[in-house]
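One structure is given here, and the rest of the page talks about it.
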Amino acid sequence: MSEQTQSQEHAAEPATYDVVAAQDRWRKVWDDLNPFEAADDGSRERRYALTMFPYPSGDLHMGHAEVMALHDVIARYWWQRGYDVLNPIGWDSFGLPAENAAIRRDEHPATYTYANIETQAESFRRYGMSFDWSRRLHTSDPEYYRWTQWLFLRFRERGLAYRRSSPVNWCPNDQTVLANEQVVGGMCDRCGAEVTKRELTQWYFKVTDYAQRLLDDMEGLKATWPERVLAMQRNWIGRSEGAHVDFEIEPAGEEPGRTVTVFTTRPDTLYGATFFVVAADAKLAGEICAPEQREAFEAYLAQVRKETDIDRLSSEREKTGVFLGRYAVNPVNGERIPVWAADYVLADYGTGAVMAVPAHDQRDLDFAKAFDLPVRRVVDTGEENPEETFVATAGDGVYVNSDDLDGLTDKASGIAQIVGRLEGEGRGKGAVNFRLRDWLLSRQRFWGCPIPIIHCPTCGEVPVPDDQLPVVLPDLRGADLKPKGTSPLAAAEEWVDVDCPSCGGPAKRDSDTMDTFVDSSWYFLRYCSPDYTEGPFDPEAVRRWMPAHQYVGGVEHAILHLLYSRFFTKVLHDMGMVDFEEPFQALLNQGQVINQGKAMSKSLGNGVNLGDMIDQYGVDAVRLTMVFAGPPEDDIDWADMSPSGSLKFLQRAWRLSGDVTSEPGTPYDGGDVTLRKATHRTLREVEHLVDSHRFNVVVARVMELVNVTRKAIDSGCGPTDPAVREAVEAVAILLSLVAPYTAEEMWSRLGHEPTVAKAGWPTVDEALLVQDSVTAVVQVQGKLRAKLEVGPDISEADLEAMALAEPVIQRALEGKTVRKVIVRAPKLVNIVAG
RNA sequence: GCCCUCGUAUCCCAAUGGCAGAGGAAGAGGUCUUAAAAACCUUUCAGUGUCGGUUCGAGUCCGACCGGGGGCACCA
C-alpha cells in the first residue's frame, strides 16, 4: 500500500490481509500447539475420520485438494463439537508406478517413493490438514508389511490363501499378472496395454467364500453408503440363482462315460436343450474330446488361445466352435445331444459347461444358427416362435414340449417343479452361482510385500515362521529391475536361497510380491495402534475406534479397495480379532475435478497444479472453492470455479473481525436480537448440513451470516453491539472448518488466543430459534391467495378463522362451498372449495 | 441388454410433500475515485427435461419416456 493512500485512510486498517504471511504465521503456531493428536484417553466420545490414504506419485493435484478439503470439514467439525477425533494419514507406498519411475530414473524405488512422501506430507501440512501426524504409516515400511505377511499366513492357515495354476490376466507391458478388477475393458488398468492370458501358478485369496456375506451385509450400509457404490459391488459379486444339472456323457469307443454338471438359471427349459457346450479352454474339453475330433479341436483351441479379451468383448462377433465327437444325455428325457466346444462359454464361470437351450437364450440360438443345430421351443411366451425368427424369448409363458411341465404358465413354478424332480432323482439341485472370482494376489514385481512362503523340494510350501517375519525385501540397489516376466526377486540368489524351516534342506523363497490392495485392506486398523508390536493391531485400540465413523474417498475404489477391505474385516471377525463385520460405517465419495470435459490428468495435459493455485489465491481460497463448488459427490468442472471469488469472500469475512469494537468476553445477552437470531439459526442449520454432507450449503449459510453482520455493522445496531461480536466469532468458528488460516486471523483479531480450531462449537440458544412471527400462506385449491403474519404458536382453529376472514379469501370463495380446510399451523392453510 | 444416478435462471447450485431462490459467478446501473482497481449499494433472469399418476397440495413420491454420467455384460 502506498504512503499516499495510507495517509488517506481514516482507520489505519488495511482492507485485506496478507494471505501468504498468515499462512506462514499460523503454520508455525499450529506446529507448536499440535492440536490434532487424538487423546484416546476416554475423556470424550471418540470419532474416527478416515480418508483414503494417498499413493505417493509426485505432488498433490486438484483431486487431492478436493477430497482433503471435504474430509477436513468433517474432522474439524467433530473437533469443534468436542469429540476426540482420530484423523490419521499414511501412504500406500508400495506399487508399480514407483517401480517404473525408478527404472526410468535408474534409482531404487524406495528413494523415489520416500522423497515423494515427504513432498506430499509437506503439501498436506501447508494445506492445513488437521491430521494426527503421530500415527503416520507407510505400507512399504518393514514394521508395517511384517503384519501384512503375518495376516497372509493366518489367511493361509484358514484355507483362504491358496496357490493354483490357471489362465490369468497378463499385462505384456508391465510384465505382471493382474486381478480381474484391474482389467478394464480388456485393457490394463494402469498402463492401458491389451491384456492377454497366461497359464501360471499364482496365489489367490478365497474371497468367493465370502460372496454371500459381502452381499448380505450391504443391507446395513444402505443408509450411509452411496447407492451407486452398493450397486457396483452388487453387480461385481453378480449373484445368480439357478440349478446344477448332471448330464451323462456317453462312453465312445475306448473313452469311458462320465458325469458333467452344468449351472443354469433356467432349469425349467431343460426340455429345450438341444446341444451341450464346453468352454474350449477348460480342461474338460480336452479330456472328453473324441480321438477323431482331436485334430480339429486342437486347432480350434490354438485359435482361441490367441484371442485377447478385446476380441472376445466385441459383441458383433460370429459364434465359433467345434464338435467334440461325443454325446450327452439329457437327464429329464434321455435324449442324446451333441457336445461342442466353443469360446462363448467361459472356463472360469459356473462349471465351464452349459446346456444349450437355443429357443430361450440368444447366445445359444446364435450358435445353433451358425452350426445348423436344432431349436426347440419349450415356453410359448406369445411372441413369435424363435425356431423361425432366430430371436430367443426369455419371458414367462406356457410350457410346451415339456412333458409334466406342460400347461404351467410361470417360470417360478416351472423351476420349482423341475428342480424338485431333479433333486428327487439325484440328478441335480438348486444352486447359486457368483460372478465374483477369487482374488489373484501375486505379482511378479519387486516393489511390493514379499510373500512369506518357502518352497522346499521335500516339504513343499512352508510358511516362514512368525518369529522370522518380516521377510524384508533385499536391497537390489543398482540391480536390473526391468520386468522380465518373472519376479526380479528370483534373481537375488542370496535372498532366494534359504534353508527350509521345516527340514533344514536347501529351499527357495517365493519370489512374488503381493498386490498392493492387500496392503491397503487393513491400514485403517493399523492406524488405531501404529506402533503395536504384538500383532497387526491392538485389539483394544481397534475396539475403541473402529468401525470408522466416516470414510471419504474417490468412487474409483468403489469395487476394488472397498470390497477387499470388507473381505479382510470379515475374515478378521471370523478369526476373533475384531468384533464388527463392516469396517466403514459411512462412506462419502467425492466427485472428480473435470477440466475441458475430462478428469484432470498429467497425460491429458489438462491438469491444474495445486501449488500454483495456492500461490495465486492462498490455501483457504482453494479449499473454499472446492467445498463451495457443489454437492461433494458431484463432479466439479474447473471452468465453473472461481477461486478469486472465494478469496474476495474470505477478505470480506475477515474485515468483519476488524470492525468489532467490543471487548472479548463481553456477554452477548443484551445484544441486538435480530442479529443474534440470525447467528443461532445459522449455527443450528450448519449442524444439520454438516451431518448430511451438504458442505456447499454450509458455505452459503456462512456467506449469508457475513452479509447480515455487515449490514448490522454499517446500518444496523453498529459495531459496538455485543451481537456483532457474537456473530463474527461464530463466523470465525464456522470458517475454521473450511478456511483455517482466515479463521485463525479473525480469531486473533477478535482478541482470542489460538487456536480457533479448538474454540468449541457455540451453544445454540433454543430461545433464539423461536421466531416472533411467521408468514402463513393461504391457498385456495392449492393456489396462493393471501399471506398472513401470525404468531409462531397460533392454534389451528385460530389460523383457520383468520384465513377464512381474510377479504381476498372471501372473494375467492364467493359462490363456492368450502369442502375441506387443511391447516398446518403456523405456516399454511389450504381451502378446498367447489 | 440389465442395474445405479442426475436433469431448477446465462452458468454453478438452494429449497423436512406446503410462498420455486438461500448463496455464488456472469451481466446491467450506481456511490466513492482525477481515473482505474478494490469496497459498498441497487438490479435483470426460470415455473423445475417430457408425459401421466398419487395427493387438499408435487421440483420433491410413483410409473413411462427423453437426455447426461457411471457400473455390469457371450456370466449360462
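Convention: sequence-line order gives letters A, B, ...; per-chain numbering from 1. Only a predicted model underlies this, so the values are computations on that prediction, with no experimental measurement involved.
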Please list, chain by chain and in numerical order, all residues satisfying ring pair (Phe, Tyr, Trp, His ring centres under 6.0 Å) with [X], sequence neighbours excluded.
X: A:Phe628; value: none
X: A:Tyr349; value: none
X: A:Trp340; value: A:Phe323, A:Phe367, A:Phe371

Can you check the distance between [N] and [M], where both ends of the measurement are the [atom1] atom (answer in whole Å)?
N: B:G23; M: B:U48; atom1: P; answer: 23 Å
N: B:C51; M: B:U60; atom1: P; answer: 13 Å
N: B:G29; M: B:U44; atom1: P; answer: 15 Å
N: B:C56; M: B:G17; atom1: C1'; answer: 12 Å
N: B:U5; M: B:C62; atom1: P; answer: 10 Å
N: B:C13; M: B:C6; atom1: P; answer: 13 Å
N: B:A37; M: B:A26; atom1: P; answer: 13 Å
N: B:U55; M: B:A76; atom1: P; answer: 41 Å

Please check if the side chain of [X] supplies one atom and the backbone of [Y] the other of a donor-acceptor pair under 3.5 Å.
X: A:Asn330; Y: A:Leu270; answer: yes
X: A:Arg376; Y: A:Gly272; answer: no
X: A:Lys319; Y: A:Leu365; answer: no
X: A:Arg566; Y: A:Leu214; answer: yes
X: A:Glu241; Y: A:Val432; answer: no

Rounded to whole Å, please give me the gap between [atom1] in [X] and [atom2] in [N].
X: A:Trp236; N: B:C4; atom1: CH2; atom2: C1'; value: 16 Å
X: A:Leu650; N: B:A38; atom1: CG; atom2: P; value: 16 Å
X: A:Phe649; N: B:A38; atom1: CZ; atom2: P; value: 18 Å
X: A:Ile559; N: B:A73; atom1: CD1; atom2: C1'; value: 13 Å
X: A:Ile636; N: B:G69; atom1: CD1; atom2: C1'; value: 16 Å
X: A:Phe247; N: B:A76; atom1: CZ; atom2: C1'; value: 12 Å
X: A:Ile237; N: B:A73; atom1: CD1; atom2: C1'; value: 16 Å
X: A:Asp281; N: B:C74; atom1: CG; atom2: P; value: 13 Å

Problem set entry | Pairs satisfying side-chain hydrogen bond (donor to acceptor under 3.5 Å, both in side chains), at least one member in residues 821-834 of chain A, at least two apart |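 Matches after skipping sequence neighbours: none remain.
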Base, sugar-phosphate alone, or nothing: which one does [X] contact when heavy atoms must sit under 4.0 Å apart?
X: A:Pro226; result: nothing
X: A:Ala700; result: base
X: A:Ala629; result: sugar-phosphate
X: A:Val354; result: base

Exercise. Quick one: side chain to side chain contact (heavy atoms under 4.5 Å, CB included) partners of A:Ala629, sequence neighbours excluded?
Worked result: A:Ile636, A:Met641
Problem set entry | A:Thr625 side chain to A:Ser646 side chain, donor-acceptor N/O pair below 3.5 angstrom | yes
For this session: Would you check if there is a donor-acceptor pair between the side chains of A:Thr261 and A:His244 at a distance under 3.5 Å?
Result: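 No, A:Thr261 and A:His244 have no side-chain donor paired with an acceptor closer than 3.5 Å.
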Exercise. Which class fits the ring pair A:Tyr17 and A:Trp654: parallel under 30°, tilted 30 to 60°, perpendicular over 60°?
Worked result: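 It falls in the tilted class, 30° to 60°.
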If you look only at pairs with a residue in [range], which of them pass as a salt bridge (Lys or Arg N to Asp or Glu O under 4.0 Å), with sequence neighbours excluded?
range: residues 633-651 of chain A; value: none
range: residues 697-708 of chain A; value: A:Glu685-A:Arg701, A:Arg701-A:Glu704
range: residues 345-357 of chain A; value: A:Asp348-A:Arg437

Distances under 3.5 Å between protein N/O atoms and the N/O atoms of nucleotides 5-11 of chain B, please, pair by pair.
unit_1: B:C11; atom_1: O2'; unit_2: A:Asp640; atom_2: OD1; d: 3.4

Protein N or O to nucleotides 39-41 of chain B N or O, pairs below 3.5 Å:
unit_1: B:A39; atom_1: O3'; unit_2: A:Arg655; atom_2: NH2; d: 3.1
unit_1: B:C40; atom_1: OP1; unit_2: A:Arg652; atom_2: NH1; d: 2.3
unit_1: B:C40; atom_1: OP1; unit_2: A:Arg655; atom_2: NH2; d: 3.4

Candidate nucleotides [options], ranked by approach to the side chain of [X] - the nearest:
X: A:Val697; options: B:A76, B:G23, B:A14; result: B:A14
X: A:Asn235; options: B:C72, B:G23, B:C74; result: B:C72
X: A:Val345; options: B:A76, B:C56, B:G23; result: B:A76

So, is [X] close to the [N] phosphate, meaning a side-chain N or O under 4.0 Å from OP1 or OP2?
X: A:Arg701; N: B:A22; result: no
X: A:Ser240; N: B:A76; result: yes
X: A:Tyr349; N: B:A76; result: yes

For this session: Identify which one of A:Asn696, A:Val690, A:Asp691 satisfies the side-chain contact (heavy atoms from CB on, under 4.5 Å) criterion when paired with A:Arg694.
Result: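 Considering A:Asn696, A:Val690, A:Asp691, a side-chain contact (heavy atoms from CB on, under 4.5 Å) with A:Arg694 is found only for A:Asn696.
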Exercise. Can B:G47 be described as syn, meaning its chi torsion is within 90° of 0, or is it anti?
Worked result: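 Syn.
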Seminar exercise, completed: Given Watson-Crick and G-U pairs under 3.5 Å, RNA chain B in dot-bracket ([ ] crossing, | other strand) is (((((((..((((....[..).))).(((((.......))))).....(((((..]....))))))))))))....
Exercise. Which residue lies toward the 5' end of RNA chain B, A:Leu689 or A:Arg234, if each is placed at its nearest nucleotide?
Worked result: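 The residue closer to the strand's 5' end, by nearest nucleotide, is A:Arg234.
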Problem set entry | Residue whose nearest RNA chain B nucleotide is more 5′ - A:Ala279 or A:Met232 | A:Met232
Is there any protein nitrogen or oxygen under 3.5 Å from a nitrogen or oxygen in nucleotides 16-20 of chain B, and what are the pairs?
unit_1: B:G18; atom_1: O6; unit_2: A:Arg824; atom_2: NE; d: 3.4
unit_1: B:G18; atom_1: N2; unit_2: A:Gln779; atom_2: OE1; d: 3.0
unit_1: B:G18; atom_1: N2; unit_2: A:Asn830; atom_2: ND2; d: 3.2
unit_1: B:C19; atom_1: O2; unit_2: A:Lys787; atom_2: NZ; d: 2.3

